[in-house]
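To start, the structure under review is shown below, and the notes come after it.
Count residues from 1 along the sequence. Computation of the quantities below employed the complete heavy-atom set of this structure, encompassing side-chain atoms and omitting hydrogens, waters and symmetry-equivalent molecules.
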Amino acid sequence: LRIDSVTGVDVSHAIVGPGGRAYAFMIDWHIRVVLALAWYGTAAMLMRLGAGLGPSLTIPPDPGGRWLLTVALPAGAIYFLYHPVLEVLMRGRTPGKRIAGLRILARDGSTPGPGALLIRNVFRLIDSFPALYGIGLISTLLTREHVRIGDLAAGTLLVYERLPQAAPPAASAVDPELSELGIELIARWRELDPAARRQLADRLIERSGRPVAGGDDAASDRERLAQLR
């Protein structure tokens, strides 16, 4: 991902492929499963003990609204809202992405807003079909920037989080006058007398930033030019 900066130097970010995405996702998946199960187990145990049913994790015969509000819904919220909430709060990151060294960026290089991050996670439902994120995996394999459907909808990319690297500058163009002098010297070398050869060679050396007269550098430059046939 190359971004035009205000300084005129392009900044580049390496886009994450399917392997890096899967690695971060598996870390996040284990974290949210552990958190959801920890809530469910603790709340269920306390609810049963409070009702005099004995320590157990099984659902009561008549769970009622209180069970749903204190046990089932919070555990489900932890699991399903893990990504959207943390990506908004952590500005395009999750614990798994931080461990893997990844973050979400908008295509202009900025941090996505809450709207884009929420759209990205709403489409997670499509990416997860038919199972094990099948559509999302196929999308990251087939698209040039390794994005899933949610990224396409939200205009986001997953990149490696490190200090942005300045893109290598384009090769500078050859000085037109220097090029013209060199071509003229080579083309007319045989028909020039020694004085003209020396004059053109001195102009070429001077234009290239090397000393013209005096010193071993100038003499060696002239010797190399004199070897052109």
Do Arg21 and Asp151 have side-chain heavy atoms sitting under 4.5 Å apart?
yes
Minimum heavy-atom separation for Gly150 to Asp127, with atom names?
N-OD2, 3.0 Å
Heavy-atom distance under 4.5 Å between the side chains of Arg120 and Arg148, does that happen here?
yes
Distance col, row Ile78:CD1 vs Tyr40:OH, nearest 0.5 angstrom, shows 13.0 Å
Test item: Trp67 side-chain N/O and Ala44 main-chain N/O as donor-acceptor pair under 3.5 Å
no
Hey, does the side chain of Ser139 reach the backbone of Val147 with a donor-acceptor pair shorter than 3.5 angstrom?
yes
What do you reckon, is CZ of Phe80 surrounded by more than 12 foreign heavy atoms closer than 6.0 Å?
no
Quick one: are Pro84 and Leu117 in side-chain contact, heavy atoms under 4.5 Å?
no
Would you check if the side chain of Thr70 reaches a backbone N or O of Arg66 as a donor-acceptor pair within less than 3.5 Å?
yes
Is the closest side-chain heavy-atom distance between Thr111 and Arg103 below 4.5 Å?
yes
Taking every non-hydrogen atom, the tightest pair across Leu137 and Pro18
CD1-CB, 4.4 Å
What distance do Arg107 atom CZ and Thr156 atom OG1 have between them, rounded to the nearest 0.5 Å?
7.5 Å
Give, for atom CG of Leu105 and atom CZ of Arg91, the distance between the pair rounded to the nearest 0.5 Å.
10.5 Å
CD1/Ile15 to CG/Leu157 distance, rounded to the nearest 0.5 angstrom?
5.0 Å
Any chance you could measure Ile149, atom CD1, to Ile126, atom CD1, to the nearest 0.5 Å?
7.5 Å
Are Phe25 and Tyr160 joined in one hydrophobic group, where the rule is that I, L, V, M, F, W and Y side chains link up if heavy atoms are under 4.5 Å apart?
no
Answer yes if Phe129 and Val122 sit in the same cluster of Ile, Leu, Val, Met, Phe, Trp and Tyr residues linked by side chain heavy atoms under 4.5 Å apart, and no otherwise.
no
What are the two closest heavy atoms between Ala36 and Ala75, and how far apart are they?
CB-O, 3.5 Å
Can Val85 be reached from Met90 by stepping across I, L, V, M, F, W or Y side chains whose heavy atoms are under 4.5 Å apart?
no
Would a single hydrophobic cluster contain both Ile31 and Ile104, if residues Ile, Leu, Val, Met, Phe, Trp and Tyr are joined by side-chain heavy-atom contacts under 4.5 Å?
no
Under a 4.0 Å N-O cut-off, is there an ion pair linking Lys97 with Glu87?
yes
Tell me whether the count of non-hydrogen atoms from other residues, nucleotides or ligands lying under 6.0 Å of CG in Leu141 goes above 12.
yes
According to a hydrophobic-cluster definition based on side-chain heavy atoms being under 4.5 Å apart (Ile, Leu, Val, Met, Phe, Trp, Tyr only), do Trp39 and Leu73 belong together?
no
Close side-chain approach of Thr94 and His83, heavy atoms under 4.5 Å:
yes
Would you indicate whether Phe123, at its atom CZ, is surrounded by more than 12 heavy atoms from other residues, nucleotides or ligands within a distance under 6.0 Å?
no
Looking at OH of Tyr82 and CG of Leu35, how far apart are the two atoms once the value is rounded to the nearest 0.5 Å?
7.5 Å
Exam field: side chain Ser128 to backbone Arg124, donor-acceptor pair closer than 3.5 Å
yes
Please tell me if the side chains of Met45 and Leu49 come closer than 4.5 Å, counting only heavy atoms from C-beta onward.
yes
So, for Pro112 and Ala106, which heavy atoms are closest and what is the spacing to 0.1 Å?
CG-N, 3.7 Å
